[in-house]
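Contents: one structure, followed by commentary.
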2 protein chains.
Amino acid sequence: MRIGELAARAGTTTRALRYYESRGLLPARRDVHGHRTYDERDLKLLTQIRTLRDFGFDLEETRPFVECLRAGHPEGDSCPASLAVYRRKLDELDVLIGELRAVRARVGTQLARAERARNELAVEALLPGGPEPRCELGGQEQ
Amino acid sequence: MRIGELAARAGTTTRALRYYESRGLLPARRDVHGHRTYDERDLKLLTQIRTLRDFGFDLEETRPFVECLRAGHPEGDSCPASLAVYRRKLDELDVLIGELRAVRARVGTQLARAERARNELAVEALLPGGPEPRCELGGQEQ
DNA sequence: GTAATCCTTGACGCCGACGTCAAGGCAACG
DNA sequence: CGTTGCCTTGACGTCGGCGTCAAGGATTAC
């Protein structure tokens, strides 16, 4: 099959395939017209690449999986190098998730504090009982 | 103070400050030589920007906070627009964290599966005793 | 005088993974 | 014969947030 069909079958674009080839990740044979030619095995390699990309793997991180498949193994993750990438990615994810949760907690705290401050101001504004001269809080909402 | 001192006091670079100015986020007065001049209030604005950036906020997302401070409010998050950014960021974080946890789970599952497959192969290789024909698990390693 | 240190503007570089456009080739269809 | 549709290579654009370099002006220290 040619590049357009492979791209369509894998749910990607011809541009991506040419890019992968330029990176040495998915080389193509050429037919008599100089057109790139692919077979079902290339589809499998490409599917492996796309699956990992969808998981957020960098393109370079898919290389061990692709080479593993090309070496004849039944799955891209049948090789130690692929497992190492899995483990490294798990560690990265754990770190990242931890950081994001910490940020989420801090932002949540800030939001709660800011909302509380606003509510206190609103309550004071509603109290007609002689409010002690509240400093310089003018022009809240423009 | 001039740009170098402000940058140092805020723990950032002169390049970043000029960039913020080019974005209209942190305009500067100029002294007689055309040099940028800042005061303590600018330091406060810049500190707000850097804090939010450290939390992963886009530069544009810091704008409501900066404008809130510049409008004379005591905190950058004293204004509704800032609270809206907080809330949107919390939602984004929740979505992102959820996606990352899903990916983490799937990668973890894949790793476990791949390791199990390798262990089974290793055990089979170690067993010299006539292994019963293991269903259709042929040609694992070539 | 001159070296060091600060500042100015302008412009290009970077990172990844492609998108998009240009100019052209070759085949099949009507 | 022209049109459509696929393909080719090459090259520039995108995004954000700056880093880095170039060329020059000004002040202060020695």
Side-chain angles (χ1 to χ4, degrees), chain A residues 1-39 42-43 45-66 85 88-89 92-93 96 103, chain B residues 1-39 42-43 45-66 85 88-89 92-93 96 103:
Chain A
M1 88 195 87
R2 287 178 302 177
I3 193 171
E5 184 182 346
L6 178 60
R9 288 180 65 183
T12 182
T13 66
T14 62
R15 182 67 182 88
L17 297 197
R18 294 198 188 94
Y19 180 66
Y20 298 161
E21 181 172 359
S22 79
R23 303 280 90 191
L25 208 56
L26 191 66
R29 271 73 58 197
R30 300 301 179 112
D31 68 11
V32 66
H33 302 302
H35 291 185
R36 290 172 179 81
T37 309
Y38 303 91
D39 57 21
D42 292 313
L43 175 59
L45 299 184
L46 180 52
T47 301
Q48 174 75 83
I49 294 172
R50 298 273 25 163
T51 300
L52 293 174
R53 292 282 303 121
D54 290 345
F55 280 177
F57 284 56
D58 294 342
L59 197 54
E60 270 311 307
E61 292 177 320
T62 72
R63 194 178 294 273
F65 296 80
V66 174
V85 174
R88 190 159 45 79
K89 186 56 81 176
E92 286 176 16
L93 283 169
L96 181 57
V103 167
Chain B
M1 86 194 90
R2 287 178 301 178
I3 194 170
E5 184 181 347
L6 178 59
R9 287 180 65 184
T12 180
T13 66
T14 62
R15 182 66 182 91
L17 296 197
R18 295 197 187 94
Y19 180 66
Y20 298 161
E21 181 172 0
S22 79
R23 304 279 89 194
L25 207 58
L26 191 65
R29 271 75 59 198
R30 300 299 180 114
D31 68 12
V32 65
H33 304 302
H35 290 186
R36 291 173 177 80
T37 311
Y38 303 90
D39 57 21
D42 292 313
L43 175 59
L45 300 185
L46 180 53
T47 301
Q48 174 76 83
I49 294 172
R50 295 270 60 181
T51 301
L52 294 174
R53 292 281 303 120
D54 289 344
F55 280 178
F57 284 57
D58 293 343
L59 197 53
E60 269 313 305
E61 292 178 319
T62 72
R63 195 179 294 274
F65 296 81
V66 173
V85 173
R88 191 157 45 78
K89 186 56 79 177
E92 287 176 15
L93 283 169
L96 181 56
V103 167

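Chain letters run A, B, ... following the sequence lines, proteins first, then strands; residues in each count from 1.
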(Q) Output the rounded distance in Å from CD (A:Glu5) to P (D:dG5). (A) 17 Å
Q. Any Lys/Arg nitrogen of B:Glu21 or B:Arg18 sitting under 4.0 Å from an Asp/Glu carboxylate oxygen of the other?
A. no
Q) Are any non-hydrogen side-chain atoms of B:Lys89 and A:Val103 less than 4.5 angstrom apart? A) no
Q) Does a side-chain N-to-carboxylate-O contact under 4.0 Å join B:Arg9 and B:Asp42? A) no
Q: Would you kindly give the OH-to-P distance between A:Tyr38 and D:dC6, to the nearest whole Å?
A: 16 Å
Q) Counting any heavy atom closer than 4.0 Å, what does B:Arg23 reach on the DNA or RNA strands: base, sugar-phosphate only, or nothing? A) nothing
Q | Short N-O contact, A:Arg2 and A:Asp31, less than 4.0 angstrom | A | no
Q) Rounded to whole angstrom units, what separation is found between the CZ atom of B:Arg18 and the P atom of C:dC7? A) 7 Å
Q: Report the C-alpha separation of A:Arg30 and A:Arg36 in whole Å, then their side-chain angles, then the decisive distance to 0.1 Å, and conclude whether the side chain to side chain contact (heavy atoms under 4.5 Å, CB included) test is met.
A: CA-CA 5 Å; A:Arg30 300 301 179 112; A:Arg36 290 172 179 81; 3.3 Å; yes
Q) Does a side-chain N or O from B:Arg36 land closer than 4.0 Å to OP1 or OP2 of C:dT8, or not? A) yes
Would you give me the side-chain donor-acceptor pairs under 3.5 Å for residues 49-57 of chain B, sequence neighbours excluded?
| unit_1 | atom_1 | unit_2 | atom_2 | d |
| --- | --- | --- | --- | --- |
| B:Arg50 | NH1 | B:Thr12 | OG1 | 3.1 |
| B:Arg50 | NH2 | B:Tyr20 | OH | 3.3 |
| B:Thr51 | OG1 | B:Thr47 | O | 2.8 |
| B:Arg53 | NH1 | B:Phe57 | O | 2.7 |

Q. Rounded to whole angstroms, how far apart are CG on A:Leu6 and P on D:dC7?
A. 10 Å
Q.
Just the rounded figure in Å: distance from P of C:dT8 to CZ of B:Arg29.
A. 14 Å
Q) Once each nucleotide of nucleotides 14-27 of chain C is scored for protein heavy atoms under 4.0 Å, what B/S/- sequence comes out, 5' to 3'? A) ---BBBB-----SS
